[in-house]
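Take a look at the structure below.
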There are 2 protein chains.
Amino acid sequence: MRRSMQRKIILDIINNSNEHLDAYGLYYAAREKLSRISLGTIYRNLKSLVDTGEIDVIYDGTDKLRYDKREDHQHFLCTKCHKIIDIYDLDFKKPTNYKDNKVVSYKIVLEGLCENCQKEE
Amino acid sequence: MRRSMQRKIILDIINNSNEHLDAYGLYYAAREKLSRISLGTIYRNLKSLVDTGEIDVIYDGTDKLRYDKREDHQHFLCTKCHKIIDIYDLDFKKPTNYKDNKVVSYKIVLEGLCENCQKEE
DNA sequence: TCCTAACTAGTAATGATTACTATTTAATTA
DNA sequence: TAATTAAATAGTAATCATTACTAGTTAGGA
């Protein structure tokens, strides 16, 4: 895999943001730095970055996937507005395996209503 | 919400299976019981069943969503073949809230290589 | 039995993602 | 530093999971 300017830009945006952007959000952010970047390039790089484990994907209950830096943290997902909040202080010990299946990583998502959506209820 | 034959069939298939089927899998399974059921009906009911919390959705890393009975359990996901295995003996205590966000439920996915995929490595 | 809002079948449309191809470029080698 | 080339990109077309639409059907109450 070669280090293209485009991949570096995409990875930098993800690593320096905590907005959990989707592909389009990344596309617009990337265009600020490289106006001719194409959407296909965004998707192609996101896929390979996920495959190599350099970034994470989050499913937020809509039809779009969202992307996140690879860092030891978990998420709170608001089931109403789909806001995602980072959680760094959750206590869970990763098992090394489950039965004969090897556990490499894990994801925990707490779901519920965020502060704002509770007020609106 | 009215109890249509179609919704009952879909819910029964999900509750009596541990295959974590996707929409098409459910469509084919449902057609065995009601040959004229339409794919749109499958999707419409899946959406409302998820909204009311009668079933769960799982994102397995492909572009299809998979559906699961609502039951207190977690999942192991093989990142290579996308097999999903149910886990009933994981120890995690749901917090009632995270900061000012109300936690209603949670999902834990252990990711790694299943028994078969380890052999093929 | 009648009524009607909710639901369905069948099909068309949407839109996120992937594929394709001519061109460009990162990185290696002379 | 220039030549080489496989990998990556831009731009566009295609795919396909999901959603929307509409005329007809039906669950459930009066």
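So that the names make sense, note that chain A is the first sequence line, chain B the second, and so on, each numbered from 1.
- The aromatic rings of A/Y59 and B/Y59 sit parallel, their planes meeting at an angle under 30°, below the 60° perpendicular limit.
- In this structure, A/L46 atom CG and C/dA16 atom C1' are separated by 12 Å, rounded to whole Å.
- Between A/K8 atom NZ and D/dT9 atom P there is a gap of 14 Å when expressed in whole angstrom units.
- Spacing between atom CD1 of A/I10 and atom C1' of D/dA8 amounts to 11 Å, rounded to whole angstrom units.
- Phosphate contact (OP1/OP2 of D/dT9, side-chain N/O of A/R36, threshold under 4.0 Å): absent.
- Between the P atom of D/dA17 and the CG atom of B/L26 lies a distance of 14 Å, rounded to the nearest Å.
- Close to C/dA9, at under 4.0 Å from its OP1 or OP2, lies a side-chain N or O of B/T41.
- Of the N and O atoms on the side chains of A/H73 and A/D89, not one donor lies less than 3.5 Å from an acceptor on the other residue.
- Taking 4.0 angstrom as the limit, B/R44 places none of its side-chain polar atoms (N or O) nearer than this to OP1 or OP2 of C/dC7.
- Atoms CZ (A/R7) and C1' (C/dA27) sit 14 Å apart, rounded to a whole Å.
- For the pair A/Y43 and C/dT18, the criterion of a side-chain N or O lying under 4.0 Å from OP1 or OP2 is not met.
- One finds the OG atom of B/S38 at 6.5 Å from the CZ atom of B/R44 (value rounded to the nearest 0.5 Å).
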Given the rule in the side-chain hydrogen bond (donor to acceptor under 3.5 Å, both in side chains) test, do B/H75 and B/D68 qualify, once you have shown the distances and angles that lead to the verdict?
CA-CA 11 Å; B/H75 295 113; B/D68 197 12; 2.8 Å; yes

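- Open room surrounds CG on A/D91; 12 or fewer heavy atoms of other groups in view lie less than 6.0 Å from it.
- When each of D/dA8, D/dT18, C/dA9 is scored by its nearest atom to the side-chain atoms of B/I37, the top-ranked nucleotide is C/dA9.
- Between A/D60 and A/R66, at least one side-chain nitrogen of the basic residue sits less than 4.0 Å from a carboxylate oxygen of the acidic one, meeting the salt-bridge criterion.
- Nearer the 5' end of DNA chain D, as judged by each residue's closest nucleotide, is the contact made by A/L39, out of B/D22 and A/L39.
- Using a 4.0 Å cut-off, some side-chain N or O of B/K47 falls inside it from OP1 or OP2 of D/dT19.
- Contacts between residues 48-66 of chain A and DNA chain C, defined by a heavy-atom separation under 4.0 Å, are made by A/D63, A/K64, A/L65.
- A salt bridge is defined here as a Lys NZ or Arg NE, NH1 or NH2 lying under 4.0 Å from an Asp or Glu carboxylate O, and B/D12 with B/K8 meets this definition.
- Of the charged side-chain nitrogens involved, at least one lies within less than 4.0 Å of a carboxylate oxygen, so that B/R70 and B/D56 count as a salt-bridged pair.
- Straight-line distance from the OH atom of A/Y24 to the C1' atom of C/dG15: 9 Å, rounded to whole Å.
- Side-chain nitrogen and oxygen atoms of A/Q6 include none within less than 4.0 Å of the OP1 or OP2 phosphate oxygen of C/dT25.
- Computed from coordinates, the B/N45 CG to C/dT8 C1' distance equals 9 Å when rounded to whole Å.
- Relative ring orientation between B/Y27 and B/Y24 is described as perpendicular, the plane-to-plane angle rising above 60° on a 0-90° scale split at 30° and 60°.
- Going from atom CG of B/L34 over to atom C1' of C/dC7 covers 13 Å, rounded to whole Å.
- Taking a cutoff of 4.0 Å between a charged side-chain nitrogen and a carboxylate oxygen, A/K107 and B/E111 qualify as a salt bridge.
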Could you run down nucleotides 24-30 of chain D 5' to 3' and tag each one B, S or - for protein heavy-atom contact under 4.0 Å?
--BBS--

